[in-house]
Amino acid sequence: MHTAWHPPDRDALLERLARLTPTSAPRWGRLTCPGMLAHLNQWFLMASGELPVEPHRTPLWYPPLRQFAVYLAPFPKGLPTAPELLARGDAAAFARERERFMAELDRFAARGRDGPWASHALLGRLSARAWGRLAYRHIHHHFTQFGV
C-alpha cells in the first residue's frame, strides 16, 4: 500500500513531478498544472493545521465510510474541493509551486506520524497512517489527471 510515509513512494512521486511542465494539460477538470500544484500545496497546509478549512460534516466522518474513502475508494474525477484549497497558479508560478511542493512533501514526512494533524474538512479526524495514505492517493490522483 503506497503512502507518503514510505521514502521510495515519495521518491516515485518526485520522479513524476519532474515530468510535469507549466503547460501540461489536464485529462479532466479545469485546473491548470501550476494551479494543481498550488492546490496540493494548500492541501499540505490544511493537513498540518496551518490553513483552517471549514469542516463539512458528511457521512464520511463515520469510521467505516471514512476508512473506505481513505484506503479503497477511487477518487472521483471532478470531485468538489474546499474553497480554501482552490489556489490559482499561472505558468509563471509553475517553478515556484513545484519547489514549494517538494518542500511541503518533505515537511509533511518530517512532521512524522506523531503529528499533530488537523481534521480533514470532509473526513474529520484522521490517524497519521490515514494522512500518509491519503496524501499519496491525493497526489497520485492529480498527477494522473496531468498524465504523469
Same cluster or not: are [X] and [Y] linked, directly or through other Ile, Leu, Val, Met, Phe, Trp or Tyr residues, by side-chain heavy atoms under 4.5 angstrom apart?
X	Y	result
L72	W61	no
L85	L40	yes
L86	L45	no
L17	W5	yes
L122	V53	no

| query | Does D11 CG have over 12 foreign heavy atoms under 6.0 Å away? | reply | yes

Hits for ring-ring contact (aromatic ring centres under 6.0 Å, His included) against H39, two or more places apart or cross-chain, chain-then-number order -> H138, H142

Across all chains, not counting sequence neighbours, the ring-ring contact (aromatic ring centres under 6.0 Å, His included) partners of Y62 are none

Smallest heavy-atom separation, W131 atom then F108 atom, equals O-CZ, 3.6 Å

What's the separation between atom OH in Y71 and atom CZ in R129, rounded to the nearest 0.5 Å?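 Rounded to the nearest 0.5 Å, the OH-CZ separation comes to 4.0 Å.
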
- Message: Using a strict threshold of under 4.0 Å (side-chain N to carboxylate O), is an ion pair present between R96 and E99?
- Response: no

* Asked: Quick one: are the ring centres of F94 and F146 less than 6.0 Å apart?
  -> no

- Who passes side-chain contact (heavy atoms from CB on, under 4.5 Å) against E54, sequence neighbours left out?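 Applying side-chain contact (heavy atoms from CB on, under 4.5 Å) to E54 gives H56, E84.
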
